[in-house]
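One-based numbering, in listed order, for ligands and for the atoms of each. Only heavy atoms go into these numbers, but all of them, side chains included; no hydrogens, no water, no symmetry mates.
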Amino acid sequence: MKYGFHDVRNSLERASARETAARVAAGAVAMKLLEEFGIKLHSHVLSIGRVKANPPDQGAIDWDAVEESPVHCADSDVADQMMAEVDAAREAGDTVGGVVEVIAEGVPIGLGSHVHWDRKIDAKISQALMSINAVKAVSIGEGWDLLDRWGSEFQDVIEPVTDPDRPWQRKTNRAGGTEGGMTSGTPLVARFVIKPIATLHNPLPSVDLDTGEPVQAHFERSDVCQAPPAGVIGEAMMALVLADAFMEKFGGDSIPETKRNFEGYQATVGPRLRYS
Ligand SMILES: Cc1cc2nc3c(=O)[nH]c(=O)nc-3n(C[C@H](O)[C@H](O)[C@H](O)COP(=O)(O)O)c2cc1C
């Protein structure tokens, strides 16, 4: 109606997540840049439908095994159950959604801004992940688990350590690597919920938009569960945001120049933050 089309296909096809192939290609270039500075991105599936993973702590995840997993899951004990959930939905002519986590390791302190609303790194990551087709919620760190916890149970307490670079570290990384709109030097962690997609093999009731007559929704083809591929898109989106923030902070017209700027800054603020 907005564009004056009669054929809904004009919008439907353009809204397809096939468009994200271009984002993944651009994200691969951003990842190459970030790798030059020791930043690496990963993703893994935390749940599919009713099946929830119980993954190891961030630092202990075997990323090669995640890449091998057909459902991109870090908990090999539940991968079969996740596949069974997808098969059950397929057999019922239905679809299932899921929760995906994206992690960037090796992120330096201080990307983003504590002042400008449009430069806050957590806000930028949220927008980028929310822009993925069918994503309905985004959380930074353990944001969704915050509601049933008191402040003392949620804060990333600072503890003393013997370290020549810095005499303290964080005990946990619940805030997901951002504080005050800036990266805090611990890994960046964001989660998103991707809904069960709309085109069902067993269509839901709908109406003919011209006549108002009841009809079954049109079905052509459909994925059953798009959580694992959405993780790949999520990595690309986080890489694009980080590469942008990185170049805003360190600038340069060549990798050696950016490295000089980066190393000068590192010498001032110290290396990435440790947490136990
Ligand atoms: C990797 C991926 C694959 C998708 N495949 C389908 C599909 O086969 N059928 C479908 O109806 N939606 C699919 N979607 C979701 C639609 O693109 C999305 O629901 C639609 O563009 C409307 O956007 P919204 O749900 O964010 O409002 C897919 C999404 C992603 C990320």
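- On a distance-only criterion, Lys195 and ligand 1 share at least one N/O pair closer than 3.5 Å.
- Taking atom 27 (O) of ligand 1 as the reference point, the nearest protein heavy-atom neighbour is Lys136 NZ, 3.4 Å.
- For atom 4 (C) of ligand 1, the nearest non-hydrogen atom of the protein is Asp223 OD2, 3.4 Å.
- Between Arg9 and Glu13, at least one side-chain N (NZ, or NE/NH1/NH2) sits under 4.0 Å from a carboxylate O, which counts as a salt bridge.
- Counting only heavy atoms of the protein, atom 10 (C) of ligand 1 lies nearest to Thr199 OG1, 3.1 Å.
- The closest non-hydrogen atom to atom 17 (O) of ligand 1, taken over Thr95, Val100, Ile132, Asn133, comes from Asn133.
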Exercise for review: Assess whether side chain to side chain contact (heavy atoms under 4.5 Å, CB included) is satisfied between Phe250 and Lys259, documenting all intermediate values.
Suggested key: CA-CA 8 Å; Phe250 300 110; Lys259 276 200 171 142; over 6 Å; no
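- For Met130 against Val135, the heavy-atom pair with the smallest separation is SD-O, 3.5 Å.
- Residue Ser222 approaches ligand 1 through these ligand atoms, each under 4.0 Å from one of its heavy atoms: 8 (O), 9 (N).
- Counting non-hydrogen atoms of other residues, nucleotides and ligands closer than 6.0 Å to CG of Asp57 gives a total of 12 or fewer.
- The protein heavy-atom contact nearest to atom 26 (O) of ligand 1 is Ala134 N, 2.9 Å.
- Here the protein heavy atom with the shortest distance to atom 29 (C) of ligand 1 is Ala17 CB, 3.4 Å.
- Taking a cutoff of 4.0 Å between a charged side-chain nitrogen and a carboxylate oxygen, Glu19 and Arg14 do not qualify as a salt bridge.
- Shown in contact with Ala15 at under 4.0 Å from a heavy atom are these atoms of ligand 1, numbered in order with element: 17 (O), 21 (O).
- Counting only N and O atoms by type, the side chains of Ser131 and Arg23 include a donor and acceptor under 3.5 Å apart.
- Applying the 4.0 Å criterion to heavy atoms of Ala198 picks out, from ligand 1, the atoms 11 (O).
- In this view, Ala84 satisfies the side-chain contact (heavy atoms from CB on, under 4.5 Å) rule with no residue, not counting sequence neighbours.
- Counting protein heavy atoms under 4.0 angstrom from atom 13 (C) of ligand 1 gives one or more.
- Shown here are the side-chain contact (heavy atoms from CB on, under 4.5 Å) partners of Ala88, two or more places apart in sequence or in another chain: there are none.
- When side chains are defined from C-beta on, Asp163 does not count as touching Gln169, because their heavy atoms never get closer than 4.5 Å.
- Geometrically, ligand 1 and Ile197 share no nitrogen or oxygen pair separated by less than 3.5 Å.
- Residue-to-ligand polar distances keep Gln226 apart from ligand 1: every N/O pair is separated by 3.5 Å or more.
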